[in-house]
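Report on the following structure.
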Amino acid sequence: MSEYLYAPIIKEGAIFIADAHENTNRNGFLKFLRAIDSGDIKEPPQIFLLGDMFDFLTGEGEYTREFYSEHLSLINKISQKVEIVYFEGNHDFRLSNLFNKTREIWDGHEMLRYKSVRVYDIYDQPANFKTINEERVQIAHGDIFLPFIDKYALRFLRLRWFLKFMNALDKFLNFKISKAILARLTKKNLDYKIPNFKELMSKHLQGYEAGIVIEGHYHQGEQFNIYDKFYINLPCFACEQSYFVVEYAQQKLNLLKMSLKGH
């Protein structure tokens, strides 16, 4: 319980968004960031990015950093006014070196320093948060609590030395590796339904301790009670162009579905 005493609060008006899978054939996340920056979408106090916002991005990859340069620039710009929380996924990882670490706010007496983009890597997930009513919330991209082989295979691909080696090889080959990965991912089917999803998640959710669990990754867009937990799986933004705004009704956390298509 002690880890929740100082857990950050999910604020009224916060935005949740997951699985944009941005690529040459998808630019909805870029439109979303531009709409936040321009004020077409009301500036929220927090933005929670639940991973796989990009089809392929690592902090060690020179080609992908340039490929997504406008996205990264906008995230850093927006983070000077808005608290951004980024949960790394299985398509975007080792990102902390890409983002602003702090922002400064003058409160009339002194300069206060805040983290501007807080990145949670796979080792820090699930992360603990709480509602305004002190309800415990855990948030993750969703690719956790995996079988042993899958777990360590995915973590090997996130090792810094391996990614630096692959970047050097990619650069030597005129970035043919990164270009091939991005091209292949444009053909990936992101719009699907998982049969018996609730039943399949019953074992997965045993790894969580909080009463409210929020994830992306599975692209299902479902909410349900299971055992003593309320589970929220965000839909795939790449498919639905939907994001969610936090509203507290009678101090209970609700996520109101909003559409980017209206902007």
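Numbers for residues simply follow the sequence, beginning at 1.
Under the 4.5 Å side-chain heavy-atom criterion for Ile, Leu, Val, Met, Phe, Trp and Tyr, I226 and I194 are members of the same hydrophobic cluster. Following chains of ILVMFWY side-chain contacts shorter than 4.5 Å, one can reach M53 starting from L74, so the two form part of one hydrophobic cluster.
Between I84 and I75 the shortest side-chain heavy-atom distance falls below 4.5 Å. Here the side chains of P235 and F244 are in contact, with some heavy-atom distance below 4.5 Å. When side chains are defined from C-beta on, L50 counts as touching L234, because their heavy atoms get closer than 4.5 Å. Residues I122 and R155 form a side-chain contact, since some pair of their non-hydrogen atoms from C-beta on lies under 4.5 Å apart. The shortest side-chain heavy-atom distance between V213 and L205 falls under the 4.5 Å cut-off. The shortest side-chain heavy-atom distance between F99 and N76 falls under the 4.5 Å cut-off. Counting heavy atoms from C-beta outward, Q206 and K229 have side chains that stay 4.5 Å or more apart.
Closest of all the heavy-atom pairs between L260 and Y243 is N-CE2, 4.1 Å. Taking all atoms of both residues into account, the shortest heavy-atom contact from R136 to A210 is O-CB, 3.4 Å. Of all heavy-atom pairs spanning A238 and A20, the tightest one is CB-O, 3.1 Å. Nearest heavy-atom pair, S116 versus S79, reported as atom, atom and distance to 0.1 Å: CB-O, 3.3 Å. Annotation for D52 and H217: closest pair OD2-ND1, 4.4 Å, computed over non-hydrogen atoms. A pairwise comparison of heavy atoms in I10 and A14 identifies CG2-CB, 4.4 Å as the closest pair.
Between the side chain of D121 and the backbone N or O of L95 there is no donor-acceptor pair closer than 3.5 Å. Checking side-chain atoms of N233 against main-chain N and O of G216 turns up a donor-acceptor pair under 3.5 Å. The backbone N or O of P126 sits nowhere less than 3.5 Å from a side-chain atom of Q138 that would complete a donor-acceptor pair. Under a 3.5 Å cut-off, the side chain of Q220 and the backbone N or O of Y192 do form a donor-acceptor pair. A donor-acceptor distance shorter than 3.5 angstrom exists from the side chain of N23 to the backbone of L182, with no hydrogens or angles considered. The backbone N or O of I9 lies less than 3.5 Å from a partner atom in the side chain of Q46, making a donor-acceptor pair.
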Chi angles and distances behind the side-chain hydrogen bond (donor to acceptor under 3.5 Å, both in side chains) call for H219, D191: CA-CA 7 Å; H219 299 193; D191 190 7; over 6 Å; no
Stepwise side chain to side chain contact (heavy atoms under 4.5 Å, CB included) check, I47 with F16: CA-CA 6 Å; I47 299 175; F16 279 77; over 6 Å; no
Chi angles and distances behind the salt bridge (charged side-chain N to carboxylate O under 4.0 Å, His left out) call for E83, R118: CA-CA 8 Å; E83 178 188 353; R118 173 69 166 96; over 6 Å; no
Candidate pair Y120 and Y86, rule ring-ring contact (aromatic ring centres under 6.0 Å, His included), full reasoning: CA-CA 6 Å; Y120 288 92; Y86 200 119; over 10 Å; no
Derivation of the salt bridge (charged side-chain N to carboxylate O under 4.0 Å, His left out) call for E60 and R65: CA-CA 8 Å; E60 312 299 339; R65 289 202 307 263; 5.6 Å; no
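A salt bridge is absent between E135 and K130; no separation between the charged side-chain nitrogens and carboxylate oxygens falls under 4.0 Å. Looking at R94 and E88, no side-chain N of the basic residue comes within less than 4.0 Å of a carboxylate O on the acidic one, giving no salt bridge. Ion pair K198/E222 not flagged as a salt bridge, since none of the NZ, NE, NH1 or NH2 atoms sits closer than 4.0 Å to an Asp/Glu carboxylate oxygen.
Under the side-chain contact (heavy atoms from CB on, under 4.5 Å) criterion, K187 pairs with no residue, sequence neighbours left out. Scored by the side-chain contact (heavy atoms from CB on, under 4.5 Å) test, S73 finds no partners at all (sequence neighbours excluded). Considering only residues two or more places apart in sequence or on other chains, D228 meets the side-chain contact (heavy atoms from CB on, under 4.5 Å) condition with none of them. Residues passing the salt bridge (charged side-chain N to carboxylate O under 4.0 Å, His left out) test with D55 are R26, sequence neighbours excluded.
Here the rule is ring-ring contact (aromatic ring centres under 6.0 Å, His included) with F54, and of F67, F237, F93, Y68 only Y68 fits it. When each of Y231, Y218, Y227 is paired with H204, the ring-ring contact (aromatic ring centres under 6.0 Å, His included) condition holds for Y218 and for no other.
For H141 and E215, the side-chain atoms include no donor-acceptor pair closer than 3.5 Å.
Residue pairs meeting the salt bridge (charged side-chain N to carboxylate O under 4.0 Å, His left out) criterion with at least one member in residues 240-249, sequence neighbours excluded: E240-K257.
The neighbour count for K31 NZ, taken as heavy atoms of other residues, nucleotides or ligands under 6.0 Å away, does not exceed 12. Heavy-atom neighbours of K203 NZ from other residues, nucleotides or ligands within 6.0 Å: at or below the threshold of 12.
For the atom pair OG (S242) and CZ (F32), the distance works out to 11.5 Å, reported to the nearest 0.5 Å. Between atom CG of residue N90 and atom CG of residue D143 there is a gap of 4.5 Å, rounded to the nearest 0.5 Å.
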Please report, to 0.1 Å, the donor-acceptor pairs under 3.5 Å made by any side chain of residues 163-178, with sequence neighbours excluded.
unit_1 : atom_1 : unit_2 : atom_2 : d
N167   : OD1    : E62    : N      : 2.9
N167   : ND2    : E62    : OE2    : 3.0
D170   : OD1    : K176   : N      : 3.4
D170   : OD1    : I177   : N      : 2.9
D170   : OD1    : S178   : N      : 3.2
D170   : OD2    : S178   : OG     : 2.5

